[in-house]
Amino acid sequence: MAYWLLKSEVDAWSWDQQKKEGRKGAEWTGVRNYQARNNMRAMKEGDLGFFYLSGGDKSVVGIVTVVKEAHPDSTDGSGQWECVDVAAVADLPQPVTLAEIKTKPKLEDMVLVRNSRLSVQPVTEAEWRAVCAMGGISDPPSV
DNA sequence: GCCAACGTTGGC
DNA sequence: GCCAACGTTGGC
């Protein structure tokens with residue numbers, strides 16, 4: 001079991017859209033990068049992840065959980081790309097911006113900071129707790 | 001809007 | 001298999 005961070009552009013897939021899908025969740029489509037795909041392949045049902053918005057807000061706004069493990073991406077015709085299904089679990093009471101994350105020495109090794117372009121990233125347990133705390137969740141969900 | 005960083009492509 | 005050229009992403 002593990003923690004992750006999933007990136008989205010608000011125009012492509014917003015947190016509101018994600019929440020509307022409810023507990024059944026929705027396919028996390030559109031990933032066309034091998035490293036990101038491999039990370040999705042490693043996901044287990046019940047894993048938790050941050051929902052991060054790149055572009056305008058650049059912040060972690062919510063928590064999702066994996067409800068279906070990797071399977072072919074229905075938006076891909078080549079059969080080469082896969083996706084998982086994720087469902088919204090909770091809002092962060094206070095979104096955590098990239099700028100804030102960068103001010104914390106213990107978060108300087110987050111993939112988000114080190115390799116901002118990777119759209120599906122692993123998150124360590126320590127990072128998970130720290131960002132949850134910054135977001136106003138005192139008792140973070142755990143895997 | 002710019003540009004650095006990164007991944008992919010394709011010629012050799 | 002190397003590497004230059006190119007396209008894309010995403011922070012600023």
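Every chain is numbered from 1, with letters handed out A, B, ... down the list of sequences.
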### Task
Please report, rounded to the nearest Å, how far the P atom of C:dC12 is from the CD atom of A:E100.
13 Å

### Message
I'd like to know if the side chain of A:T65 reaches the main chain of A:D47, judged simply by a donor and an acceptor atom lying under 3.5 Å from each other, with no hydrogens or angles considered.
### Response
yes

### Query
Does any donor atom in the side chain of A:W4 or A:N39 lie under 3.5 Å from an acceptor atom in the other side chain?
no

### Message
Within the 4.0 Å heavy-atom criterion, would you say A:L118 contacts the bases, only the backbone, or no part of the nucleic acid?
### Response
nothing

### Task
Quick one: do A:L118 and A:N33 satisfy side-chain contact (heavy atoms from CB on, under 4.5 Å)? Show the steps, please.
CA-CA 8 Å; A:L118 184 60; A:N33 169 284; 3.7 Å; yes

### Query
Do any N or O atoms from the side chain of A:R37 and from the backbone of A:Q80 form a donor-acceptor pair under 3.5 angstrom?
yes

### Summary
dist A:F50:CZ -> A:Y3:OH (nearest 0.5 Å) comes out at 9.0 Å

### Query
Does the side chain of A:R32 pick up a donor-acceptor pair with the side chain of A:S78 at under 3.5 Å?
no

### Query
Does some side-chain heavy atom of A:V131 sit less than 4.5 Å from a side-chain heavy atom of A:M110?
yes

### Task
Whole angstrom is fine here: how far is it from CE in A:M110 over to P in C:dG11?
12 Å

Please write out each protein N/O paired with an N/O of nucleotides 7-9 of chain B under 3.5 Å, distance rounded to 0.1 Å.
residue : atom : partner : partner atom : Å
B:dG7   : OP1  : A:Q35   : OE1          : 3.3

### Query
Looking only at atom types and distance, does a side-chain atom of A:E69 sit under 3.5 Å from a main-chain N or O of A:K44, one as donor and one as acceptor?
no

### Task
Using a cut-off of strictly less than 4.0 Å between a heavy atom of the residue and any atom of DNA chain C, enumerate the qualifying residues of residues 4-14 of chain A by number.
A:K7, A:E9

### Task
Rounded off to whole Å, could you give me the CG-to-P distance for the A:L53 and C:dG11 pair?
11 Å

